[in-house]
Amino acid sequence: MSSVLPLSSLCLPRQSLFRALFVQCRDGAGVAPFGRSSQTAPSAGTGALNRRNPPTASRKKPLNSDPSQLALGETAKTTLTRQHSRQRQRHLPPVTMATRVLQTSSGMMEQRSEIQMSSSSSTTVTMSSTKLRKVSQTSKVMEEQSVQRKTSAVIESFSQVQKSFEIPAGESVPDFEEKPRPITAQEGDKAAFKVKVTGNPKPTVTWKRESGKPLSEGTKTFFDDINKQHVLKIKALSMEDADVYKCVVSNNHGDAIYSMSLIVAENPAMDFKKMLKKRGVPAPKKEEKRPITEEEMLKILSGAQKKDYERICAEHGFTDFRGILKKLKEMKKKVDVEMVKVLKPLEDITAKADTNVVFDTILELRDPNTKMMWFKGTELLRIQYSLGKYELKQMGTKYMLNISSVNLHDSGTYTLNVGDKTLSAKLNVIDEPLKFQSDLKPMRVTERQTAVFEVRLSKKTDLPPVWKFKGKELKRDDKMDVTVSEDGLTYTLKIKDVRPSDTGDYTLSLGDLTATAPLFIERIPIKFVSHLKNVRVKEKGKARLEAEMSSKDVHIRWMKDGRDITNNPRYIFMREGKRAEIIIDDCDLADSGEYAIVCTQDSDSNEYVSSSNLTVDERFATVKSGMSDVQCPTGSPSELCVVLNDEKVDGVWLKDGVEVTDMSGIQVVKQGAVHKLIFNKVGAEHEGKYTFRAKGAESEAVLAIADPPTIDPTVLEVLAAHPVTVKAGQTATIKIPFKGKPVPKVTWYKDGIEMTEDERTTVERDGESTTLVLNKCVREDSGAVMLRLKSDCGTAIANLHLNVVDHPEPPQGKVEFLERTGKCITMKWKAPRDNGGKQVTSFVIERRVAGKKSWIKVGEVDSNTTTFSNDKVEEGKAYQYRIRAVNSQGMSEPLETEEVTAGEPIEPPGTASQPQIADITKDAVTITWTPPAEDGGAPLMGYIIERRKKGSSMWVPVNKELVQDTKYTVDGLVEDMEYEFRVTGVNRAGAGTPSAVSNSVMAKDPIRAPGLVKDLHVTDSSNSSISLGWKPPEVGDEPSGYILEERMKYWFRIRAVNEGGVGEPIELDQGVLAMPPPAAPKFDLQAKLKNQMVVRAGMALCIHVTFTGSPSPVVTWLKDGIPTKGKEAITKGNKHSQFLISSAQRSDTGVYRVHLRNDYGEVHYDINVHVVDFPRPPKNMKLVEEVPGTVTLHWDHTPDLADDSNTHYIIMKRDASTATWYTAADRVFSNKYTVTGLLPGRKYYFRVFARNEIGDSDPLDSKEQFSIAKEKEHLRLNMREYKPKDASLKPEFILPLKDHAVRLGRDCTMSCAFLGSPPPQASWYKGDVKISDGPRFWQTTANGVCTLTIPTCNAKDAGEYLLVLENPLGKAQCKCNLVIFDKDDKSVLESLVESRKAKHIM
């Protein structure tokens, strides 16, 4: 009977590691293997393993010729051992099966099967040959052929596959705690396989059939909860149920597979032919019935139970029952006598280098202590001294020799000596080239997980592995783990805690071998562990919104009503780990709205949002004690006091409807619910109507004084230090407040002359101020202005300076062009004569193309530069420029230039000068000329010389090449012939216009120039003429004429004349040249020279003066009476001089004098220059609590306060719990200030910095926190003696409802006081709708006060509200109006104040 190993067990899955593979076959029919005899077979089941072609005699021998061969229940075991090469991700090579069918002498069928498997591990498996009977099993071969085999072999196999390379602690690969066993049963019986499994995570159990057929209908699988077993149960076995069954146990870390056979024996009681027909096997040929033999009987009994022996013998008509039992027992005894029984011999192995090899054999030993010795060739293997090279293992009856990391030296014959048995096998080691058994696979890993790249080599190598990421070599560290397996074949890269930055290609290089695979990271979505929650706080309270995310590596944005507030300093943002928080201190109504936190993360386009609503409820109060009018003299202390019923409600003090903020001498104090306005010394500026206004409360009082007319000294200082500056053409309005009762007489003066009202001048007067209005101001309006206030009580005077500024005059003079090329035009001009009262800041240059009307701005330069280069021009094109001076008031009128050409147009050159005769001979004439005035825009290349005979019209060129010089000798002339010449210039544009024709000249030898004229004298003279005489020169040829010249110098004489005649003349001793008359120096005041200048530090200080004088005066500059030190740049001209400091500093402040002097006099002019800069910070801040509930700040003045009257201080405060600074006071001129409005129990920081017109100084911060101790208020209740009386009272209002005006989005609280007993029931109505029970409104009624609160008012809440109080004695009603206005609608609030008087009670 043939033991067939199902081929499906050899098809190993990819990426798996086999720990063990074991197959066991049992011969259930008790028939000895084919070819075995009692003389040659050493033991059952071994003869066929080593003989492929047994002798013919053996094959023809009858099966029952030797009864001793019959052994009931004899077992033939076949073991398949496969040494795995630990190479993952590879396929096993094809399996080749050869089958031969032999015919025995008795007509029985026998089958011989060999299975040869060639793989990279060179493992050979040979299957023994046995006779076929009863059980059918199908094996698959490569040729896709199917062969039916009858077998009763018992098969068991176990395999375990590990998927995970690292198994966490506490988890394990699935395994069998109780294994199923093969079953042999007859048709019609029941069969059950039971297993108990282990593994973590809990594994799943699946049952399959090796043949691939589905489980039969009578098969049931279930889990036994009592015995904790998985059961496969089959009822009413049939021959179709015979198969090898597999139990597959799986979890995340691997699979465990146990295969076992189910053998179904024929039931003799069943019709054999019917069963064959049922199984679908072709019916055999009809044979004659013959008696059963002993051998057949033994085979039948070997597969049955002892209780059925007698019944089976009776059914088959076998009568020698006792004899058959005796032979069955003798056969068992003979098998038990052998000491060593070889069930599976050693097999030859072919393996690759650097792999592990296992020689295995299956032995049954009578004595377990039988000694075993292994040899390689003839040399005994010393296992214990091999350092792990050799290892002996035993698994049941299976004995193994493990050889690790084989190489070529390990090839040879290995022998096992055990008892009297000797087993041998050969090892053949093959060395293959290094290569990758599998490629790196792309990995897709979730963020924060571990990514594993793994590749396996064909053999070990000493080459160092190099892992790279984005071209950079990776080293082993806490994040990267680079490992090599123990066998040196598997290379692993583990990337722990992967992040988006780890995305990319990873490469492994081993020498020339390279493998690359990408890594993809999937981001973990952000989840909100806790969302933002809705919050409701009172005004001035603190709001806190917080959320917690699932990750801390997120980007956060905060939104309010859809707008990003992440960078808004109004809010405090906290971030700690996964938690994010927004804090809003001192909440106001505008802080109400929807807040949202938006979370994003890198490599994730999604936005994760959590939102909530913040509701800020408005606080309201009522006046418990109001103010009363106050009258006091100037300089006396006073205060106004209001008491509210709520200490947390802030109020606003207003003077004549204007909020009191920075008035000197006034302190705003808040002590709990008491609000005070304290006047240290009451002055005229304090007189007026004061209003304290809080939410729901208002109180008014008048403060009045009576004093002589006075003007605030601060105003006088400001007017004296800062001139009133106004633009020309605009209206100058000078308003000076004063105080005094009765109202004084107002008189205005300009330059000492009283100003009267006219079309341009208007004087306005009222009880507190006077205003001078000058319409359409001109520069001449500049000057000293004085206001005189006079009454019976005294006189007050205010002086100021009016400065009218205008745009500057145009730049002076004609524009000079310094450069005119085809690439650039450079021009120069002079600064304007009058800068308009303001420093010229820049010059604007405009341009237009000649013939065009539109001007284009081409540049702008600062006031110190009076040149400009325009490099964006086209060669040959004509342009016109205009220049405007710019100051802070605007632009001057333009100074236009003449048209100028960029480079000149490229045209033929102009006309050269008339040729002049330089030398004459009889055959040649030398001529000279000057180049053309215009070269046509391109350099001259040369000249063409032409001649003609006098009287002829034909010109003949005399030069073949262009003449480069301006002198040329024309030869080849005819003597005594008259000639004329002309010259033509040539450039790259061509020949120009010929010059004028030269004077005719006769070709003859030259005439010498005449010598010196002799004896020049006056021969005669008259009033209109002078006659001169001279003698011809004695040297040279005879002159043809003379040239007379004269000099322009005049002599004068004068004589008196009358009727009696003419007197004697008198004349000047020397001639007189034409020149202006002498004059003393004088400044040109028409240039509007300023006598005061304010310059910002770092800017240029430029003083420009113009003057007259003949001769030109000497200019000297002085600062504070001392000549300047050379830091400046001084430019001097005949009629102007300029003083320039490019970067002014504070030290440059002073009086600058320009001194002019010549022979006829001297004069000077003073300019007061003040250089301003950022103020220096104050120092040494001290905090003192002089008044309870307040803090007084002391500090040292900044040094700049004395120099600049505009310098003042800003006081700021900050709650220690926030990072936002709030202004406590502005325009503080002293070095002391008391801060009020501090909340008891809170800690504050304070800051002081100086401010002037330029900006702010560095801040001076308090070093320590300041806090006010929280005091408990002690209330005293004075109660009158109680007199019993009838408490019943009809409801009535003692303090009715008031009309309310509330800004949109804020809360509104309406309150009223009432009497009534028993306590009345309160009902609120809006219009005709009852709102008492509405969820939007809050109402309370307690202690005689009824309150209705409307949170977050909107436009729909406006309207009339009605309160109805009702008890058994009656009812009372009260109405009020609610107006909702926006923040810019102030008129609504004013109208509401007036309408409060119209309130009525029903």
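Across every non-hydrogen atom of F738 and I711, the tightest pair is CB-CG1, 4.1 Å. Shortest non-hydrogen contact noted between P1175 and S1257 is O-CB, 2.8 Å. Between A732 and L802, the shortest heavy-atom distance links the atoms CB-CD1, 4.3 Å. The heavy-atom pair separating N775 from E759 by the smallest distance is ND2-O, 3.8 Å. Considering every non-hydrogen atom in both H1155 and L1118, the closest pair reads CB-CD1, 4.3 Å. The two residues Q1092 and I1167 make their nearest non-hydrogen contact at N-CG2, 4.5 Å.
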Legend entry - Full working for side-chain contact (heavy atoms from CB on, under 4.5 Å) between V861 and I845: CA-CA 8 Å; V861 297; I845 298 90; 4.2 Å; yes
Inset, instruction - Please lay out, stage by stage, how V1235 and I1211 fare under the test side-chain contact (heavy atoms from CB on, under 4.5 Å). - result: CA-CA 9 Å; V1235 180; I1211 315 298; 4.1 Å; yes
Inset, instruction - Apply ring pair (Phe, Tyr, Trp, His ring centres under 6.0 Å) to W829 and F868, showing your working. - result: CA-CA 9 Å; W829 62 90; F868 177 74; 7.4 Å; no
Inset, instruction - With salt bridge (charged side-chain N to carboxylate O under 4.0 Å, His left out) as the test, would you mind laying out the steps for E846 and R882 before giving the verdict? - result: CA-CA 5 Å; E846 297 176 305; R882 67 181 183 184; 2.6 Å; yes
Legend entry - Check against side-chain contact (heavy atoms from CB on, under 4.5 Å), V1169 and D1148: CA-CA 8 Å; V1169 176; D1148 296 325; over 6 Å; no
Inset, instruction - Please step through side-chain contact (heavy atoms from CB on, under 4.5 Å) for the pair D1166 and N1091, ending with a clear verdict. - result: CA-CA 6 Å; D1166 293 338; N1091 58 4; over 6 Å; no
Inset, instruction - Check the pair S892, E809 against side chain to side chain donor-acceptor pair (under 3.5 Å), reporting the backbone distance first and the verdict last. - result: CA-CA 5 Å; S892 69; E809 292 185 358; over 6 Å; no
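Without hydrogens or angle criteria, T1149 side chain to H1170 main chain gives no donor-acceptor distance under 3.5 Å. Between the side chain of N1158 and the main chain of P1111, a donor-acceptor pair closer than 3.5 Å is present. Between the side chain of D862 and the main chain of T865, a donor-acceptor pair closer than 3.5 Å is present. Side-chain N or O atoms of N1252 include one that pairs as donor or acceptor with a backbone N or O of D1173 at under 3.5 Å. Using a distance-only test at 3.5 Å, with no hydrogens or angles considered, a donor-acceptor pair links the side chain of T841 to the main chain of V886. In this structure, the side chain of D1196 does not engage the main chain of N1180 through any donor-acceptor pair within 3.5 Å. A donor-acceptor pair is defined here as one N or O able to donate and one able to accept, closer than 3.5 Å; no such pair exists between the side chain of T733 and the backbone of V773. S863 places a side-chain N or O within 3.5 Å of a backbone atom of V840 that can act as its donor or acceptor partner. Proximity of a side-chain donor or acceptor of D806 to a complementary backbone N or O of K838 within less than 3.5 Å is not detected. Here the side chain of T1198 pairs no donor or acceptor atom with the backbone of A1250 at under 3.5 angstrom.
Between atom CG of residue N803 and atom OG of residue S782 there is a gap of 5.0 Å, rounded to the nearest 0.5 Å. With rounding to the nearest 0.5 angstrom, the OG1 atom of T725 is 10.5 Å from the NE2 atom of H722. Considering CG of L800 and CD1 of I736, their distance stands at 5.5 Å, rounded to 0.5 Å. The distance from atom OG1 of T867 to atom CD of E819, rounded to the nearest 0.5 Å, is 11.5 Å. Separation of atoms CD1 (I797) and CG (L787) is listed at 9.0 Å; rounding is to 0.5 Å. From L774, atom CG reaches atom CZ of R760 across 6.5 Å, with rounding to the nearest 0.5 Å.
Looking only at side-chain heavy atoms (C-beta outward), Y1233 and H1194 stay at 4.5 Å or farther from each other. Side-chain contact between P811 and K830: absent, with no pair of heavy atoms (C-beta onward) separated by less than 4.5 Å. Taking the side chain as every heavy atom from C-beta outward, K877 and T901 never approach each other to under 4.5 Å. Side-chain atoms of R1146 and D1200, non-hydrogen and from C-beta on, do get closer than 4.5 Å to each other. Under the 4.5 Å side-chain criterion, counting only non-hydrogen atoms from C-beta, P832 is in contact with F843. Under the 4.5 Å side-chain criterion, counting only non-hydrogen atoms from C-beta, V1248 is not in contact with I1210. Under the 4.5 Å side-chain criterion, counting only non-hydrogen atoms from C-beta, T1192 is in contact with K1232. By the 4.5 Å heavy-atom criterion applied to side chains, I1130 and T1124 are counted as neighbours.
Around CD of E757, the count of heavy atoms belonging to other residues, nucleotides or ligands within 6.0 Å exceeds 12. The neighbour count for M786 CE, taken as heavy atoms of other residues, nucleotides or ligands under 6.0 Å away, is above 12. Summarising the local packing, CD of E893 is surrounded by 12 or fewer heavy atoms from other residues, nucleotides or ligands at distances under 6.0 Å. Within 6.0 Å of CG on N1134 lie no more than 12 heavy atoms contributed by other residues, nucleotides or ligands. Taking a 6.0 Å sphere around NZ of K1132, one finds it holds more than 12 heavy atoms contributed by other residues, nucleotides or ligands.
Using modelled atom types, one finds no donor on one side chain facing an acceptor on the other under 3.5 Å when comparing W748 with T761. With hydrogens and angles left out, the side-chain atoms of D766 and S769 include a donor and acceptor closer than 3.5 Å. At a cut-off of 3.5 Å, with distance as the only test, no side-chain donor of Y879 or N870 sits close to an acceptor on the other residue.
When ring centroids are compared, H1197 and Y1209 come within the 6.0 Å threshold. Here the two rings, on Y1152 and F1139, have centers that are under 6.0 Å apart.
With respect to the salt-bridge test (charged N to carboxylate O, under 4.0 angstrom), the residues K750 and D781 do not qualify.
The aromatic rings of H1104 and H1136 sit parallel to each other, their planes meeting at less than 30°, with 60° as the upper class boundary.
Within the cation-pi definition used here (under 6.0 Å to the ring centroid, within 45° of the axis), R1153 does not qualify as a partner of W1117. Under a cutoff of 6.0 Å and an axis angle of 45°, R847 and W855 do not form a cation-pi pair.
Residue pairs meeting the side-chain hydrogen bond (donor to acceptor under 3.5 Å, both in side chains) criterion with at least one partner in residues 708-717, sequence neighbours excluded, are absent.
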